[in-house]
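Only heavy atoms go into these numbers, but all of them, side chains included; no hydrogens, no water, no symmetry mates.
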2 protein chains.
Amino acid sequence: MTEPSSDPGFLLPERKARIDAVVAQRTRTLTVVMEAFADPQNTNAVLRTAESFGVQEVHVVEGPQKRYDRNKKISQNADKWLEVVRWKDTASCLAALKARGFLVYATHLGEGSRGLNDLSFAEPVALVFGNEHAGVSAEARRLADRCFAIPMRGFSQSFNVSVAAAICLARAVDRREVERGRHGDLAPDELEALRTRFYALSVKQRARIARAERAAERGRGR
Amino acid sequence: MTEPSSDPGFLLPERKARIDAVVAQRTRTLTVVMEAFADPQNTNAVLRTAESFGVQEVHVVEGPQKRYDRNKKISQNADKWLEVVRWKDTASCLAALKARGFLVYATHLGEGSRGLNDLSFAEPVALVFGNEHAGVSAEARRLADRCFAIPMRGFSQSFNVSVAAAICLARAVDRREVERGRHGDLAPDELEALRTRFYALSVKQRARIARAERAAERGRGR
């Protein structure tokens, strides 16, 4: 017998409420740029963290070596719920973001760079994180509106890049709530479109789970 | 020819200054408890993050499965500069910390738990992070002065534990500077003892590097 809730075309009210709550916390005025990461594990870890902070759109500039591949275990499927934009080069990515009104903050410790806690998040901001070994490129530093660093208090020269991204995003979200009054800020039409997309994704997910359950039941000879 | 700076018994003034700066930022009134982590990569990642935030003392409660092993690649040798205290069980660890005046804050979302940003760091605090799958134990929850969680805004149920530790430590350090006036707070005698220890460790490190260089030179037939 099929219960109503296992109809794959149907979403439980709790699931809809969860989607509505997530969409209300989503933003496209805070974003992350991952520049030529060497380790796809780090890309996937940052995707999971971005999703958890409601950052809907994430930019990946492909490195020379490895292509970023999905890793479900590490990303926890977070990218399913995100817009991951891929770029061949940093200049195009940052130019597009600046044209859309983003301030570009690149993680780099050098002359004129600020501490994370001295950054303003009143405007739309793109946070640029660089390659694990080389850091952000000279081009990213040149195009950035601001370079900044998380103050290092110990002997370690740097944080792991996915740790650094998490610390920066946590700070950004806190500051946005103070400086902009709120973090989640999709316009009504964006909000409606994203809600519709997430409903559809959830229905597909239910259908997949239902098929897997039926297959498992047949396997048990029922 | 041997330059003065390659004498392994000798520390450059820059190195001494670096050690002095690190020691001034060290604390033993903020600590981390890692309870029965399944993945030693996470233990090592948290050690690196703790070291970077000046947290001198870290507690590891051994899990049933795997023993924590050093992983230089992930910890970046951070544990060399830390006091890593190992415990067989959570109760002994938390009892010892409470006897020393620590408030114990366990990461757990449940009735009565607070958001990270609602925690006070005016007193000495031990932050407890639990097993990647099971979370903190019932015992840790029972013994904790407070349970808390980082607000989750997306579909992901949780942050990776090393990401969570980084977000919490960043927040703790910021709040300590506001609520206690400073983060690094070793007493003069502790400070002196740690400085002496770090000098000695650095001299040993130099000696090791010098030996490796001599061996490499012999290898090149010089």
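- Residues B:R28 and B:E190 are paired through a salt bridge, judged by an N-O separation under 4.0 Å between the basic side chain and the carboxylate.
- Note on A:E213 versus A:R208: no salt bridge recorded, every NZ/NE/NH1/NH2 to OD/OE distance being 4.0 Å or above.
- Residue A:V173 touches chain B through its side chain alone, counting heavy-atom pairs closer than 4.5 Å.
- Between chain B and the residues A:R171, A:H183, A:Q56, the largest count of heavy-atom pairs under 4.5 Å involves A:H183.
- Electrostatic pairing of A:E83 and A:R26 does not count as a salt bridge here, judged by no charged N lying under 4.0 Å from a carboxylate O.
- Proximity to chain B (any heavy atom under 4.5 Å) is shown, for A:L116, by neither the backbone nor the side chain.
- Centroid-to-centroid, the aromatic rings of B:F129 and B:F37 stay 6.0 Å apart or farther.
- With a 4.5 Å cut-off on non-hydrogen atoms, B:L169 does not touch chain A at all.
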